[in-house]
Participant: 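Provided herewith is a single structure, encoded as structure tokens, for subsequent inquiry.
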2 protein chains.
Amino acid sequence: MKLIQLAKELNLSISTVSKALRDSHEISASTKKKVLAKARELNYEANPFASSLRKQKSKTIAVVIPEIDNNFFCLVIKGIESIAQEKGYHVLIYLTHEEIKKEIAITNLLQNGRVDGILISISNQTVNTTHLEELKQKNIPLVFFDRVADDIDSPKITTDDYSGGFCATEHLIERGCKRIAFISISPSLSISKRRMNGYLDSMKKNGLETDSSMIIQCSNDEEHNNQLIRELLSSTNRPDGVFASVEKDAISSYKICEELKLKIPEEIKIISFSNLRTAALLNPSMTTITQPAYEIGSAATSILFKIIEKKPIHLTLDKTIFKSELIVRNSTQ
Amino acid sequence: MKLIQLAKELNLSISTVSKALRDSHEISASTKKKVLAKARELNYEANPFASSLRKQKSKTIAVVIPEIDNNFFCLVIKGIESIAQEKGYHVLIYLTHEEIKKEIAITNLLQNGRVDGILISISNQTVNTTHLEELKQKNIPLVFFDRVADDIDSPKITTDDYSGGFCATEHLIERGCKRIAFISISPSLSISKRRMNGYLDSMKKNGLETDSSMIIQCSNDEEHNNQLIRELLSSTNRPDGVFASVEKDAISSYKICEELKLKIPEEIKIISFSNLRTAALLNPSMTTITQPAYEIGSAATSILFKIIEKKPIHLTLDKTIFKSELIVRNSTQ
DNA sequence: CTGAAAGCGCTTACAG
DNA sequence: CTGAAAGCGCTTACAG
């Protein structure tokens, strides 16, 4: 079903039909009515590529994330989709699998008009950010969420990661922990640094020692990470508290504790940043710092649309920092 | 960066440059080399809408699913993405939120060339399938997975749902359950019927009674579903076994048992279709029938590409049925 | 208020 | 082997 066919059916020119469909003020109400009716009857839908080519707009946004089998990112996508659907926009999904190489390949694909804007949470290998700078230079609207690139001047939606790191550590200390192991995401991520700084400051404030043996820097090799956690938890001076930056590592820690027959929370307490729906049902239920993932997704998307629509952005929106919530459960009892 | 600019830089016509970029046999090796080098240098990427309009191909597929905050669908997407990335395809995501109205709106958007193919798992409200039939009539490649529309002649990737339903029930009966409550997804879904038939046949085979009070037909109103489960579990002749078709309802059941102080598995046993990564860590760990979600996603996508590329499809692939796995844990001990 | 025509940026059949 | 030209299906500035 093309415009020309629709026009023939109506005995009108394609110009008139096209204008009627976009509700142009040049067209009479009666013509509009006839055109709309016919279009609906024949289920006419404009060819998206012809429209996009002509209008230089894609009606599409891209979401670039490191992984998808993770409740945080799933909920973020849900939030993104809710706003995009409202705006009649399409959503492309790209996974970097935590590889900078893939992230660059993806951003290259997005350089030439395929999308009107990009929402991105960078990979844990992303240190050099020239590929992101290039998007900026091409004036492609760009909004970061959660894992942001500090050196790029674009809106950033995050949670209060320093304070999350600090409060989680304070909580463990209040519950009697003295040797607290911090399991980091990649240390190069600023989100990871902020969480770790919160942890370090809380430890220092309470006069507790931290040494490198208590900080695990995770890589992308899951098995290797588990081995590091296993070694730490089975060492003679093992920690009495584990603070995981991502739920994946908390789950690993639970499994390794079971393996080593370490009792949570009696022998070791566990806390984690997590959006697990089952946190309350775990054995024992897990204390979490939970981010408002859905809200992060929808807020980032709203800001992206402000840029796309060239609306003014309040400076306060430009660096939106959501609060995360400490939910105390039995793993730190 | 447009083709015309690239051509000027190279002192060649745009035809030649275009052909060189697509490795046409009409172009000399030396010219190709020069063109490729320059294109890389200037980071040239063809305008996707111009290409798509001209070639009548979008290099994009759509994934239409009822929800995303669910481990099954997350893993499916991961499987889909792996194949799409390999093929250089883009992936659009659409959520129906279990609403037939949204499903129809989405399929209408996909009628006019926006995608080269569609992967869909239908909403639980989808009984009438004319909107899917229309896609077929427009020759848009279509592959169903998990929640399939039986009456549409398209490839369908599923798991052995009847046998999953049967084995789960047999397992509960072996463990001593006599009154087993089946929590269904929407009854209109064929996947739901198959699971329920497996349940019913196992009950009958073992001479156990089933009455309608033991079968909960879930709606899209989460709170209402929970209320139904709560009423059932607090009734005087409550079940001694719960078989949930989706993990969401199993999680609700766990929570309600806690609320009612019903001990799992002593007073009530629970089994569920589920891809929860934390199933083994729940209190108690949950017995699951687990579907190979990632494989379902990648298999469905491979078949979709066979259709897109007009390769012959073996009849055996057309109705691929994966095996799901019964993983016995403590909730049915 | 309606319509003819140009043009978005590519690709490809055809001419040379 | 290279290039001029048509055309994919729209939208919109312009003419009438």
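Order of the sequence lines sets the chain letters (A, B, ...), proteins ahead of strands, with each chain counted from 1.
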Participant: If I take atom NZ in residue Lys8(B) and atom P in nucleotide dG3(D), what distance separates them, rounded to the nearest angstrom?
Facilitator: 14 Å

Participant: Counting heavy atoms from C-beta on, name the nucleotide in dC8(D), dT12(D), dC1(D) closest to the side chain of Ser28(B).
Facilitator: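 Nearest to the side chain of Ser28(B) among the choices is dC1(D).
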
Participant: For Leu3(A) and dC8(D), what is the distance between atoms CG and C1' respectively, to the nearest whole Å?
Facilitator: 14 Å

Participant: For His25(B) and for Asn112(B), find the nucleotide of DNA chain D with the closest heavy atom, then tell me which residue's nucleotide is more 5'.
Facilitator: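 With His25(B) and Asn112(B) compared, the 5'-side residue is His25(B).
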
Participant: Dot-bracket for DNA chain C, please, read 5' to 3', with Watson-Crick or G-U wobble pairs under 3.5 Å on both distances, ( ) within the strand, [ ] crossing, | other strand, . unpaired.
Facilitator: |||.||||||||.|||

Participant: Can you pull out every salt bridge (Lys or Arg N to Asp or Glu O under 4.0 Å) where at least one residue sits in residues 6-31 of chain B? Sequence neighbours excluded, please.
Facilitator: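 Matches after skipping sequence neighbours: Glu9(B)-Lys38(B), Lys19(B)-Glu26(B), Asp23(B)-Lys32(B).
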
Participant: For residues 10-18 of chain B, which residues have at least one heavy atom under 4.0 Å from DNA chain D?
Facilitator: Leu12(B), Ser13(B), Ser15(B), Thr16(B)

Participant: Might you point out which heavy atoms bring Ser58(B) and Ser52(B) nearest each other, and give the distance in Å?
Facilitator: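 Reported closest heavy-atom pair: CA-OG, 3.6 Å.
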
Participant: For Lys55(B) and Glu26(B), find the nucleotide of DNA chain C closest to each by heavy atoms; which residue's nucleotide sits nearer the 5' end?
Facilitator: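 So the residue in question is Lys55(B).
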
Participant: So Glu309(A) and Lys311(A), salt bridge (Lys or Arg N to Asp or Glu O under 4.0 Å) or not? Walk me through it.
Facilitator: CA-CA 5 Å; Glu309(A) 294 162 0; Lys311(A) 287 186 189 159; 3.1 Å; yes

Participant: When you measure from every atom of DNA chain D, which of residues 32-51 of chain B have a heavy atom less than 4.0 Å away?
Facilitator: none

Participant: In whole angstroms, how far is the C1' atom of dT2(D) from the CD1 atom of Ile27(B)?
Facilitator: 7 Å

Participant: Starting from P on dG7(D), measure out to CD1 on Ile4(A) and report it in whole angstrom.
Facilitator: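 The answer, rounded to whole Å, is 12 Å.
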
Participant: Does CG in Asp153(A) sit with more than 12 non-hydrogen atoms of other residues, nucleotides or ligands closer than 6.0 Å?
Facilitator: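 No - once you tally the heavy atoms of other residues, nucleotides and ligands closer than 6.0 Å, there are 12 at most.
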
Participant: Which pairs, with at least one residue in residues 115-144 of chain A and sequence neighbours excluded, count as a disulfide (SG to SG under 2.5 Å)?
Facilitator: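 Qualifying pairs: none.
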
Participant: Find the distance Lys19(B):NZ to dC1(D):P and express it as a whole number of Å.
Facilitator: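 Computing the Lys19(B):NZ to dC1(D):P distance gives 12 Å.
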
Participant: Whole Å only: how far is the CG atom of Leu53(B) from the C1' atom of dG7(D)?
Facilitator: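 In whole Å, dG7(D) C1' and Leu53(B) CG are 9 Å from each other.
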
Participant: Could you tell me whether Ser52(B) contacts a base, only the sugar-phosphate backbone, or nothing, with contacts defined as non-hydrogen atoms closer than 4.0 Å?
Facilitator: nothing

Participant: Should the heavy atoms of other residues, nucleotides or ligands under 6.0 Å from NZ of Lys101(B) be counted, would the total exceed 12?
Facilitator: no

Participant: Donor-acceptor pairs under 3.5 angstrom involving side-chain atoms of residues 64-74 of chain B: please list them, not counting sequence neighbours.
Facilitator:
{"unit_1": "Glu67(B)", "atom_1": "OE2", "unit_2": "Asn70(B)", "atom_2": "ND2", "d": "3.0"}
{"unit_1": "Asp69(B)", "atom_1": "OD2", "unit_2": "Lys78(A)", "atom_2": "NZ", "d": "3.0"}
{"unit_1": "Asn70(B)", "atom_1": "OD1", "unit_2": "Phe72(B)", "atom_2": "N", "d": "2.8"}
{"unit_1": "Asn70(B)", "atom_1": "OD1", "unit_2": "Phe73(B)", "atom_2": "N", "d": "3.2"}
{"unit_1": "Asn71(B)", "atom_1": "ND2", "unit_2": "Glu247(B)", "atom_2": "OE2", "d": "3.0"}

Participant: Under 4.0 Å, heavy atoms only, any strand: does Ser24(B) hit a base, just the sugar-phosphate, or nothing?
Facilitator: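 Result for Ser24(B) = nothing.
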
Participant: Quick check on Ile4(A): does its CD1 atom have over 12 non-hydrogen neighbours (other residues, nucleotides or ligands) under 6.0 Å away?
Facilitator: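 No, because the 6.0 Å sphere around CD1 of Ile4(A) holds 12 heavy atoms or fewer from other groups.
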
Participant: Please find the pair of heavy atoms, one from Phe145(B) and one from Ser121(B), that lie closest to each other, and give the distance.
Facilitator: O-OG, 2.9 Å

Participant: Counting only heavy atoms not in Lys138(A) (residues, nucleotides, ligands), do more than 12 fall under 6.0 Å from its NZ?
Facilitator: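 Counting neighbours around NZ of Lys138(A), more than 12 heavy atoms of other residues, nucleotides or ligands fall under 6.0 Å, so yes.
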
